[in-house]
Amino acid sequence: MFVNAAEVSFEAYDVLIVGSGPAGVTLAKRLETHGKKSLIIETGAEDFEGDLQDHYSKVYAHGHYGEDHWGLHWIRAFGGTSAVWGGWCAPLTARNLAPWPITAAELDLYYPEAAQILGRTTDFLTYEAPFMTGFAARPFSTSDEPLRIYDAYLEDLQQNPQIDVLLKTNVTALFANEARTRITGLRVFTAQAGQRDISLEEGQELVLAAGGLGNAHILLASRSGGDVAVGNENDQVGRYLMEHPHFLYCARMVVAQEMVFEELPESFGSAEPALVPTDDLFEQNGRLDASFQLLEQDVDLEDHVEQYIVRALGGSARAYDVWARSEMPPDPLNRVTLAEGHDPSGMPRLRANCVISGDTLRTIDTYLRQMGGILAREGKGRMRIDNEVIYRAVEGGGHIMGTTRMGDDPGSSVVDGNCRVHGYSNLSIAGSSVFTTGGYANPTLTLVALALRLGDHLGESS
C-alpha cells in the first residue's frame, strides 16, 4: 500500500528498503515470499516530476562524463531508473565474476528467474555460436517494451498488505551504535514535515537500493557523530566508480557473404547481434572484456576501397558497422565524493570523478585490430578502424557501478558476498553499486538476480 509519511509506523516492518527501482522492488517482492513485511522509501513521486529530479540528482563532474550524464541515470521517481532502461540484457560470465567473492554458479541459480521478471525467456543466458576465429556470437536480449516498475507493479503495490511504499521521502543519514556494528536509526526528510529521526528496532533490517550513486551518497552523508561515514571505516565508499564506455561506429568491416549470424531460435525473442572475444583473447588483453555489436549495412560501391574488397572476395560481400562496449577496470581513484552545496533535504551534493584509462581505450583498439587482422589473414574481409571515435568520442551507457563494491577484504570493498556492509549486522546494499567488476553486460539483469539472492538471504536468516 502507499502510505503517508506523517502516519507510517516504521517499527511495523521487518525490512526498510531505500529505493523503488528494479533492485528495491524485486527485493521487496522476494521478501514477501518469506513472509517479511517491507517498507519501500522513495525520494520521488508516483509520477516523474522535473523539479524533484533537478533538485535531488544534480552531480558535479570531472573526467570523461559531464554533469548531465550522471543525473540522467539517477531517476527520482517511483520505479527509479527502470523509467529510462533500454531493455538490453546479458549475464555476467564466469570470467567476469572471477574477481567477485561469489561464484558464477551461485549467480546462475538466480539468472533464470531474473530473466523472467524482466519479461524474457532464458535462451539468451547460455547462447553462444561460432562466428569467426577469436570471436564468438553472443547476442544481447532486447525488448521494445522493457520492464517499467510503474507499469508492472503499481497496481500490486497499491494493495499489497506485505509491502508499503512511502513516496517523496528522502533518507538523508544513517546512525550507528558506538561500536559501528549496527544501524540504530535513520533520518528522513519530507517537504511538508522537514526532518524526522527514526529508530530501528532489534531485528529490523535496512537495505539501501538507491542506485549506483544514491547508495554511496547516503553512506557518505552519514557521519553518525564522527568524522568517518557509516560503512566507510576503510575509506572505500564511493570508490571504484565504473561505467561501460561505448564507442559508436568505431569501425566498419566488409566481409565475405557467408559471414552472417546464425538464425536464433524463435523462443530467443528480440536480439541485437554482437561478438565477444574468446577466452584466449580475453587473457591476452589483460582480462578486460568487451562486446562488439554488428549493424549490417549496404556495401558502399562508390567507395574505392570497398569496391576493391568486394572484388577480392569474389564480387559479393556484406558490410557491418561496429559499436563497441567495454569494461572499465575498477580503479579506486574513480569515485564519487561529497561536494559543495546541498539539496533541499540538506544532503551535500555529489561529485563524480570518472576517467577512462588509456588501458581501456587501447584494449578496444587492440581487439579491433586483432579482429581486422584475422579477417585479412583468413581472406574473409577487411576492417577500417576509426581512431577519432576510440580516443576522442567515447560515450557512456548510463551503467553506474562499483561505488559500494563487493569483496571479502574490507580494505578494498564495502559489502561482503551476501551484500552485507562489512561490520554491520543489519545493513545491506542492493543494486549495481555492489558490482566488483562490470564486464560488458548491461547491469539490470545481474542486479535483479542479486536482489533475489539477497531476498533469500535476509528471508532465511532472520
Side-chain angles (χ1 to χ4, degrees), residues 15-19 23-24 27 97-103 106-107 171 173-186 200 202-242 330-338 350 400-438 443 446-447 449-462:
V15 183
L16 305 183
I17 301 169
V18 183
L27 174 61
L97 291 163
W100 291 48
I102 62 174
T103 65
E106 290 177 84
L107 200 51
V171 174
L174 311 181
F175 304 111
N177 62 0
E178 188 174 352
R180 294 293 185 104
T181 59
R182 180 177 174 274
I183 299 301
T184 58
L186 61 156
L200 283 185
E202 286 288 343
Q204 281 188 297
E205 294 278 349
L206 177 65
V207 180
L208 302 183
L213 296 177
N215 290 337
H217 192 201
I218 292 169
L219 291 179
L220 290 171
S222 300
R223 297 293 173 173
S224 195
D227 293 332
V228 177
V230 169
N232 199 31
E233 289 78 13
N234 294 288
D235 191 26
Q236 296 302 299
V237 174
R239 295 187 183 273
Y240 305 101
L241 172 64
M242 295 178 287
D331 181 347
L333 296 181
N334 282 333
R335 63 188 301 193
V336 294
T337 55
L338 298 182
L350 273 186
I400 304 168
M401 303 168 286
T403 56
T404 62
R405 76 194 302 248
M406 184 189 295
D408 290 326
D409 180 8
S412 59
S413 61
V414 177
V415 302
D416 64 19
N418 291 317
C419 297
R420 178 81 78 187
V421 174
H422 291 301
Y424 288 84
S425 63
N426 64 340
L427 177 60
S428 302
I429 298 180
S432 58
S433 68
V434 306
F435 285 22
T436 308
T437 56
T446 297
L447 70 86
L450 287 170
L452 291 169
R453 182 174 178 270
L454 176 58
D456 282 347
H457 177 71
L458 294 177
E460 294 166 0
S461 63
S462 58

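- Residues Glu202 and Arg182 have side chains in contact (heavy-atom distance under 4.5 Å, counting atoms from C-beta outward).
- Judged by distance alone, with hydrogens and angles left aside, the side-chain atoms of Asn234 form no donor-acceptor pair with the main-chain N or O of Gln236 at under 3.5 Å.
- From Leu447, atom CG reaches atom CG of Leu27 across 11.5 Å, with rounding to the nearest 0.5 Å.
- Side-chain contact between Leu350 and Leu338: present, with at least one pair of heavy atoms (C-beta onward) separated by less than 4.5 Å.
- Residues Gly212 and Thr403 approach most closely at O-OG1, 2.5 Å, considering heavy atoms.
- The backbone N or O of Val237 lies less than 3.5 Å from a partner atom in the side chain of Asn232, making a donor-acceptor pair.
- Using a 4.5 Å heavy-atom threshold, the side chains of Asn215 and Val414 count as separate.
- The side-chain heavy atoms of Leu206 and Tyr424, taken from C-beta on, include no pair separated by under 4.5 Å.
- The minimum heavy-atom distance linking Ala229 with Arg223 is given by the pair N-NH1, 3.8 Å.
- Here Cys419 contributes atom SG and Leu450 contributes atom CG; the two are 5.5 Å apart, rounded to the nearest 0.5 Å.
- Using a distance-only test at 3.5 Å, with no hydrogens or angles considered, no donor-acceptor pair links the side chain of His422 to the main chain of Gly411.
- Considering only residues two or more places apart in sequence or on other chains, Asp235 meets the salt bridge (Lys or Arg N to Asp or Glu O under 4.0 Å) condition with Arg239, Arg335.
- Within the 4.5 Å cutoff, the side chain of His217 has no heavy atoms near those of the Leu208 side chain.
- Contact check for Glu106 versus Arg453: side-chain heavy atoms found under the 4.5 Å cut-off.
- Separating the CD1 atom in Ile429 from the CZ atom in Arg405 is a distance of 13.5 Å, to the nearest 0.5 Å.
- Contact record, Glu205 with Ser425: OE2-O, 3.9 Å, taken as the closest heavy-atom pair.
- With respect to Thr404, the side-chain hydrogen bond (donor to acceptor under 3.5 Å, both in side chains) criterion is satisfied by exactly one of Ser413, Ser433, Ser432: Ser433.
- Thr436 places none of its side-chain heavy atoms less than 4.5 Å from the side chain of Leu97.
- If you run side-chain contact (heavy atoms from CB on, under 4.5 Å) between Leu427 and each of Leu219, Val415, Leu200, Thr181, only Leu219 comes through.
- The shortest heavy-atom contact between Ala221 and Ala173 is O-CB, 4.3 Å.
- Contact annotation: the side chain of Thr446 approaches that of Leu107 to within less than 4.5 Å [non-hydrogen atoms, C-beta and beyond].
- A pairwise comparison of heavy atoms in Val336 and Ala216 identifies CG2-CB, 3.9 Å as the closest pair.
- Taken to the nearest 0.5 Å, the OH atom of Tyr240 stands 9.0 Å off from the CG atom of Leu333.
- Between Asp416 and Asn418, the closest heavy-atom pair is OD1-N, 2.8 Å.
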